[in-house]
Amino acid sequence: MKEQYHAQTIESELQAYWQSSQAFRCEHKEAQEKYYCLAMFPYPSGQLHMGHVRNYTIGDVLARYHRLQGKNVLQPMGWDAFGLPAENAAIKNNVAPAKWTRLNIENMKAQLQRLGFSYDWSREIATCEPDYYRWEQWFFTRLMEKGMAYKKTSAVNWCPNDMTVLANEQVVDGGCWRCDTPVERKEIPQWFIRITDYADELLSDLDKLDDWPEQVVTMQRNWIGKSEGAEISFQLKQAVAGHENISVFTTRPDTLFGVSYLGLALEHPIALELAENNPELADFIKKYSNKTTAEADIATMEKLGMATGISVIHPLTGGDIPVWLANFVLMGYGSGAVMSVPAHDQRDWEFAQKYNLPIKQVIDCKDIDYDLKKAALTNKGTLVNSDAFDGMDFTQSLEGIVKALEEKKAGRKQVNFRLRDWGVSRQRYWGAPIPVINCSDCGAVPVPEKDLPVVLPVDVEFSGVASPIKSMDSFIKTSCPCCGKDAERETDTFDTFMESSWYYARFACPDFDKGMLSTEADYWTPVDHYIGGIEHAILHLLYARFFHKLMRDEGLIHSDEPFQKLLTQGMVLKDGAKMSKSKGNTIDPQELIDRYGADTVRLFIMSDVPPEQSLEWSDAGVEGANRFLKKFWQTVFSFHQSLQSNNLVAIETENLNDRQKSLRKQTHASIKKASDDIERRHTFNTAISSIRELVNAINRFNIEESTKEQDIAVLNEAVVSALQLMQPITPHYSSHLLSALNVSANSWPVYDDSTQTESSQEFAVQVNGKVRAKIQTAIGVDKETLEKLALEQDNVQKYLEGLSVRKVIIVPNKLVNIVAN
RNA sequence: GCGCCAGUGGCGGAAUUGGUAGACGCGCUAGAUUUAGGUUCUAGUGUCUUUGGCGUGGGGGUUCAAGUCCCUCCUGGCGCACCA
């Protein structure tokens, strides 16, 4: 072996070998336990960034670890290739999105290979390939036939200057990012998939996801947002354009007697009707209608309202309730109208203060200090000022009030979800064409299976910012599959979340051309471990769960959930902020690989923090990782030298001296800790710490002439174990050094518990919870002896002076706490 | 605004089930090696008014015992449905 560590040489040798031998290709093997490890595939932006390096190193460490445990490991890689950036590049640089994307994929693939990730490249998928999206189109036509896909109008951001739809990201301070023109909301017809039909199952199956981070499960639960309450109908005093009632949903029917006003969304049909004959209302709606579709913006806007002049009748008291327009009421949630109870809802309270509306208390809470002059009382409590319901608690009053409403046909219990149906239409070019033909007689007709895929024309030029296929007659003009009449193709494309919702299953059978999925999908899925950024905790992961259930109900797959375990990695930060081009704080992984080699980069990115936490970039940390590898190389080199002139004999466990026993103890402690940290805890940073402790012990160990043979035997075990433990993290380095030591680089060291036996044990002795002494005792010492020994300690006596002992608490193998006063 | 998460030495972090706070690394200090810088090696390194106190963002609580559990406040991060 070489005396110096040359990362570039050993890495390129091994990578060439892995490639030529197709070392990580895998296939269905019934007898072997399978392990499907998947890291979220990247958008091919052109350059790998540190977030990718982190994501894919975590995946590769897990894949390599499980391969070393003898499992049949599938670790695929592909490209989430459709999306907005390709169009922006096309507009800016006049390059076709398909070509730009292909070049980016080539570049990033080379970078991934240079990092030594153990992918089965024979399964590579790019979602922009017709072979992939044809099955997505086919699946959508199945959803149309089942009534799971439907068309309705819905709002988009519209730039009146560019005459184009903008993504939320393209709206900057209410204006178009290209021309600053104030953005308008525009209602256009779009396709939706009924995810709300699966809301209950998506919610209840969260309970099956035991190996998902609790925070992700909680976020999904809140996003679906099931709430139980009542639908209450308020009769209008005078009908408006055929409407006789205003219906609201509330989770607090117990507060019905405290209603001060009803709030209407500005897009509510009654609001629009009233505005026809009332210029002030029309003005208000025009001025304060949401210009944006982003909920965060709507929720942070100033809450504004205007009285409409009409009123409704309280269903139980018969009293008059005024109707207001309120810009914070969302048309898309519930019925687009709310009942407002200022005394018991903080937002309503603030609105009432602002517009001088009555605040009527109907709930009392004896055990809470509150002041309705300062804030709303939002806790549940006992009803007051509520006629027959006074004195009832929440549950009693809910039953009673709903019953009273039912008798008057003015309400009923209702379950409401926050979740909305999934809008999948995009008015953009670089996406999978929606497989629909619009016929003036037959309506929206799904493209028949024999005509799929509807191929996206790739040889296009962007003359403006709009999608080129929207004006491409050769694409648009066709005939109706039903009646044969001239008809037009849909020119919208799918949301790119569609492609990323089922790619994990397609990796099982990427070349299958008889259908969307083959039976291989049931062998490989569910994914055993899915790894990706926490930013995907809700949308992507919810859509993928939904798609899995849709595919199951189509008979394509036979499990309920796509991802067994989920690991959500944190961000890579520099100077406290997420690395991004716009902030100019990026570190180019390629430069680091060129300078230090892939193993150093992999080691550093796994060293500092557990994967879930955000990682603060540190140049010194990379240096440190490289120094560790160089230093240990020297150690292995000199050990390799001594092996040349000495026999390697077996360890004689009965004949070891204390130094030798102590090294073995560290060796096996590190094996145990690193194995558990990688497999169960996924705390790679502590696994690495434990390997470093082993290496420190190896460096401290001197070979002595008198016990040379056994010294070399235990040292060999320690060095080989350290290298084997490092295999998943620094595969080139470990593999190279293990073969230099004539050890085959494909096994994991076996932990031996007998190395950990102790002749004595230590207890900490506390007085009133503070450590005052440490004592050594025999193993299995009895309680009385231990207590006596603890009390005898000089320092313990000192702190007990003038006190009497009340209680002694013994924590087995750990400590003795003497309680005294 | 709403939902979720995090906060521990000079810095990144460790403490796995309520049981000895600071593992491992970075940095720093001193010494050795070196023509010098760098490298490498050895020792030390929470803090203070040091026979002992104090210390896990602030305040309060539960407990024999709290970084860990509860309440509350502050700060930072992620998401909010058309970035992916």
Side-chain angles (χ1 to χ4, degrees), chain A residues 40-43 45 80 82-85 88 156-157 165-171 190 195 213-223 225 293-301 303 328 332 347 418-428 495-497 500 533-540 542-543 568 570-571 573 576-578 607-610 612-621 623-625 627-628 630-631 634 673 676-677 680-681 683 685-686 688-693 696 762-766 768-771 774 798 806-809 811-815 817-820:
Chain A
M40 291 178 185
F41 65 167
Y43 176 79
S45 59
D80 190 12
F82 278 135
L84 207 46
N88 293 331
V156 293
N157 303 306
V165 173
L166 299 175
N168 283 341
E169 188 190 55
Q170 298 173 313
V171 179
Q190 308 197 64
I195 191 171
E214 194 58 45
Q215 67 160 302
V216 175
V217 172
T218 307
M219 279 193 271
Q220 290 219 349
R221 184 171 288 125
N222 292 337
W223 183 263
T293 58
E295 202 195 307
D297 295 334
I298 296 169
T300 48
M301 279 180 331
K303 313 284 179 285
F328 58 86
R347 197 174 58 181
R418 211 187 71 98
L419 184 67
R420 310 198 291 261
D421 276 340
W422 178 11
V424 295
S425 293
R426 296 293 179 271
Q427 297 68 43
R428 281 191 262 286
D495 177 8
T496 57
F497 275 125
S500 56
I534 184 68
E535 67 273 20
H536 297 293
I538 297 175
L539 290 179
H540 161 61
L542 189 65
Y543 290 141
T568 48
M571 317 247 127
L573 312 175
K578 183 181 176 176
S607 285
D608 259 22
V609 286
E612 292 86 355
Q613 286 183 33
S614 52
L615 181 149
E616 180 71 31
W617 185 260
S618 146
D619 293 329
E623 283 282 354
R627 190 182 313 143
F628 170 75
K630 284 196 289 197
K631 228 171 105 176
Q634 291 303 316
K673 173 104 177 103
D676 187 48
D677 284 352
R680 181 180 62 90
R681 301 208 314 150
T683 51
N685 57 325
T686 53
I688 291 166
S689 287
S690 155
I691 295 168
R692 293 183 92 126
E693 284 182 277
N696 289 345
E762 189 182 76
F763 280 84
V765 183
Q766 298 181 331
N768 291 330
K770 293 212 184 320
V771 179
K774 289 187 180 173
K798 195 173 125 192
R806 299 292 171 203
K807 198 159 50 161
V808 178
I809 287 156
V811 182
N813 307 319
K814 288 221 166 92
L815 60 79
N817 187 16
I818 300 161
V819 185

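Since the structure is predicted, the reported quantities are computational estimates derived from the model, not experimental observations. Numbers restart at 1 for each chain; the letters A, B, ... are given by sequence-line order, proteins then strands.
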Is A:K631 close enough to B:C41 that one of its side-chain N or O atoms is under 4.0 Å from OP1 or OP2 there? yes
Could you check whether A:P610 gets within reach of a base, just the sugar-phosphate, or nothing at all, counting any heavy atom under 4.0 Å?
-> sugar-phosphate
| message | So A:S618, base contact, sugar-phosphate only, or nothing? Heavy-atom distance under 4.0 Å. | response | nothing
For A:N685 and A:S607, does a side-chain donor sit closer than 3.5 Å to a side-chain acceptor?
-> no
| task | Please measure how far the P atom in B:G58 lies from the corresponding atom in B:G67, and state the result in whole Å. | result | 12 Å
Taking B:G12 as the reference, what is the distance to B:U56 when you measure between their C1' atoms (whole Å, please)? 16 Å
- Distance between the P atoms of B:A21 and B:A15, in whole angstroms? 16 Å
Checking only heavy atoms, does the side chain of A:Q427 share a donor-acceptor pair with the base of B:C82 at less than 3.5 Å? yes
So CG of A:D80 and OG1 of A:T496: to nearest 0.5 Å the spacing works out to 6.0 Å
Answer for the Watson-Crick or wobble partner of B:U75, both distances under 3.5 Å, is B:A6
In Watson-Crick or G-U wobble terms, with both distances under 3.5 Å, the base opposite B:U68 is none
Notebook entry, point to check: Would a distance-only check, ignoring hydrogens and angles, find a side-chain to backbone donor-acceptor pair under 3.5 Å from A:Q634 to A:K631?
Noted result: no
Checking N1-N3 plus N6-O4 or O6-N4 for Watson-Crick, or N1-O2 and O6-N3 for wobble, each under 3.5 Å, the partner of B:G1 is B:C80
*asked:* Would you say A:R426 places a side-chain N or O within less than 4.0 Å of OP1 or OP2 belonging to B:C83?
replied: no
Look at the side chain of A:Q190 against the base of B:C82 and say whether a donor-acceptor pair falls under 3.5 Å; ignore hydrogens and angles. yes
| task | Kindly indicate, with the supporting measurements, whether the criterion side-chain contact (heavy atoms from CB on, under 4.5 Å) is fulfilled by A:F497 and A:H540. | result | CA-CA 7 Å; A:F497 275 125; A:H540 161 61; 3.8 Å; yes
Q | P spacing across the pair B:U63 / B:U17, given as an integer number of angstrom | A | 24 Å
Taken to the nearest whole Å, CG/A:N88 to P/B:C82 is 17 Å
Counting the atoms with a prime plus P, OP1 and OP2 as sugar-phosphate, which does A:W223 contact under 4.0 Å by heavy atoms, base, sugar-phosphate, or nothing? base
Assigned chi class of B:G9 under the 90° convention is syn
Test side chain to side chain contact (heavy atoms under 4.5 Å, CB included), reference A:V216, set A:I538, A:L542, A:I534, output is A:I534
B:C11 to B:G18 separation - C1' atoms, rounded to the nearest Å: 29 Å
(Q) So A:V819 and A:I809, do their side chains get closer than 4.5 Å, heavy atoms only? (A) yes
message: Over all strands shown, is A:H540 touching base, sugar-phosphate only, or nothing at heavy-atom distances under 4.0 angstrom?
response: nothing
Would you measure the distance from the P atom in B:U29 across to the matching atom in B:U47 and give it in whole Å? 14 Å
Pairwise C1' distance for B:A65 and B:C74, with rounding to whole Å:
28 Å
A:D677 CG to B:A23 C1', in whole Å, measures 12 Å
Re B:U45: Watson-Crick or G-U wobble partner, both distances kept under 3.5 Å, found to be B:G27
Considering every strand and a 4.0 Å limit on heavy-atom distances, what is the contact class for A:E616: base, sugar-phosphate, or nothing? nothing
When A:L573 and A:K798 are each assigned the nearest nucleotide of RNA chain B, the 5'-most assignment goes to A:K798
Kindly say if A:T218 contacts the phosphate of B:C4, meaning a side-chain N or O under 4.0 Å from OP1 or OP2.
no
Describe the nucleic acid contact of A:A620 in one word from base, sugar-phosphate, nothing, applying a heavy-atom distance below 4.0 Å. sugar-phosphate
- Message: By the 4.0 Å heavy-atom rule, please label A:R680 as base, sugar-phosphate, or nothing.
- Response: base
So A:N685, base contact, sugar-phosphate only, or nothing? Heavy-atom distance under 4.0 Å.
sugar-phosphate
OP1 or OP2 of B:C4 sitting under 4.0 Å from any side-chain N/O of A:R221? no
Rounded to whole Å, the CE-C1' distance (A:M219 to B:C80) equals 11 Å
When rounded to whole Å, the CH2 to P distance for the pair A:W617 and B:G13 reads 14 Å
Rounded to whole Å, the CG-P distance (A:D619 to B:C26) equals 15 Å
Is there a side-chain polar atom (N or O) of A:N222 under 4.0 Å from OP1 or OP2 of B:C4? yes
Run A:M571 and A:L615 through side-chain contact (heavy atoms from CB on, under 4.5 Å) and show every step you take. CA-CA 6 Å; A:M571 317 247 127; A:L615 181 149; over 6 Å; no
Taken to the nearest whole Å, NZ/A:K673 to C1'/B:A15 is 9 Å
Rounded to whole Å, CG of A:N817 lies from C1' of B:U20 at a distance of 11 Å
Could you work out the separation of B:G44 and B:C24 based on their P atoms and round it to a whole Å?
12 Å
pair_partner(B:A14), Watson-Crick or wobble, both distances < 3.5 Å, evaluates to none
- Under-4.0 Å side-chain N/O to phosphate OP1/OP2 contact, A:R627 with B:C26: yes
By nearest-heavy-atom nucleotide on RNA chain B, the more 5' of A:E535 and A:Q215 is A:Q215
pair_partner(B:U56), Watson-Crick or wobble, both distances < 3.5 Å, evaluates to none
Atom CG of A:L419 and atom C1' of B:C80 are separated, to the nearest Å, by 13 Å
Q. Do the side-chain N and O atoms of A:T686 and A:T683 include a donor-acceptor pair separated by under 3.5 angstrom?
A. yes
Taking only side-chain N and O atoms of A:N813, does any of them lie within less than 4.0 angstrom of OP1 or OP2 on B:G19? no
Donor-acceptor pair (no angle test) under 3.5 Å: A:K774 side chain, B:U20 base
yes
Polar contact flag, side-chain donor to acceptor under 3.5 angstrom, A:T293-A:N168 = yes
